[in-house]
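Since the structure comes first, as structure tokens, the remarks are kept for the end.
Residue numbers begin at 1 in each chain, while the letters A, B, ... track the order of the sequences.
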Number of protein chains: 2
Amino acid sequence: MEIEPELCRVEDALGILVGKWKPIILLHLLKEGTQRFSELKRSLPGITQKMLTKQLRELEEEDIIERVVYPQVPPKVEYSITEYGKTLEPILHAMHEWGTKHMLHKRKNY
Amino acid sequence: MEIEPELCRVEDALGILVGKWKPIILLHLLKEGTQRFSELKRSLPGITQKMLTKQLRELEEEDIIERVVYPQVPPKVEYSITEYGKTLEPILHAMHEWGTKHMLHKRKNY
DNA sequence: TTCAATAGTATCCTTTTGTATACTTTACCA
DNA sequence: TGGTAAAGTATACAAAAGGATACTATTGAA
């Protein structure tokens, strides 16, 4: 039996969402709207500048978020979800639902 | 602003689904039902034994799939989705929907 | 005149993922 | 007597992801 091409579609979505910080970044932007680099950084305790930059660049590359640079000093850069990015919301929502509902399942071993 | 704990729930789901082969394995098991190791292997062209074993072990560890060994020679081992594993279906479905719908978006650069 | 603030780079290192290849066990079949 | 099948293990290696730390440019404020 051959694998059907449709099965692989799941990986497209997964590929975009995978990364230690991407889902959280997206949820933040969905919830708070446009955010500055430093605001995101403050919201994500533990993330390094390098990681945040990298994740944002990758999301931008996929058209999921938009980056706007204001020519100022000190610099100001704002990030926001694109319309396309918003189409990921059902997935994020499904994951959030599941995560909340099954939070207790893990604990059963303790 | 502190990050809310609920946001992190998303990662629980993501953590389970992440891996080059996990979503495909799960979709197969959901669609075909119980499968032997060798059947899965044949269905996943390109996967190595080691990888398949590893992914299956991880899914088993999370109670997403069940592994049944028949004491025979040559060996027979069957894998199937657990009831708990089935609760992931909405997420898989949302990802599949999205992937199918937005297949064309990627192409726009070509 | 020195310091802080913003949004990054640069470098180096560790951990996790993934790949390739060879090897194992035991019964059955030719 | 030797080969094959099934479900793995063992070993070595390559690549990707993630982390820690230090550094940069520019301006305004103390």
At under 4.0 Å, does any side-chain N or O of B:R36 touch on OP1 or OP2 of D:dA7?
yes
Exercise. Does a distance-only test, which skips hydrogens and angles, find a donor-acceptor pair under 3.5 Å between the side chain of B:K50 and the base of D:dT9?
Worked result: no
Paired with B:Y79, the side chain to side chain donor-acceptor pair (under 3.5 Å) test is passed by just one of B:H28, B:Q35, B:R67, namely B:R67
Between CG of B:L14 and P of C:dT16 the distance, given in whole Å, is 17 Å
Check every strand shown and say whether A:K41 touches a base, only sugar-phosphate, or nothing at a heavy-atom separation below 4.0 Å. nothing
Q. Which part of the nucleic acid, if any, lies within reach of A:Y70 when heavy atoms closer than 4.0 Å are counted: base, sugar-phosphate only, or nothing?
A. nothing
Between CD1 of A:I47 and C1' of C:dA7 the distance, given in whole Å, is 14 Å
In whole angstroms, the gap separating C1' of D:dG18 from CD of B:E11 amounts to 13 Å
Walking DNA chain D from its 5' end, the first of A:P74 and B:V69 to be reached, judged by nearest nucleotide, is B:V69
Electrostatic pair B:E39:B:R42 at N-O distance under 4.0 angstrom
no
Rounded to whole Å, CE of A:M51 lies from P of D:dA16 at a distance of 14 Å
Exercise for the section: Quick one: label A:Q55 by what it contacts on the DNA or RNA (base, sugar-phosphate, nothing), any heavy atom closer than 4.0 Å. Expected result: sugar-phosphate
Of A:P75 and A:V18, the one whose closest nucleotide on DNA chain D sits nearer the 5' end is A:V18
ask   = Taking OP1 and OP2 of D:dA5, is either one under 4.0 Å from a side-chain nitrogen or oxygen of B:Q72?
value = no
May I ask you to verify if any side-chain N or O of B:K20 is less than 4.0 angstrom from the OP1 or OP2 atom of C:dT19? yes
Quiz item: A:R57 side chain N/O closer than 4.0 Å to the phosphate oxygens (OP1, OP2) of C:dA7?
Solution: no
- C:dA7 phosphate, OP1 or OP2: any side-chain N/O from A:S38 under 4.0 angstrom? yes
On DNA chain C, more 5' by nearest nucleotide between A:F37 and A:V73 is A:V73
Fill in: Salt bridge B:E58-B:K22, side-chain N to carboxylate O under 4.0 Å
yes
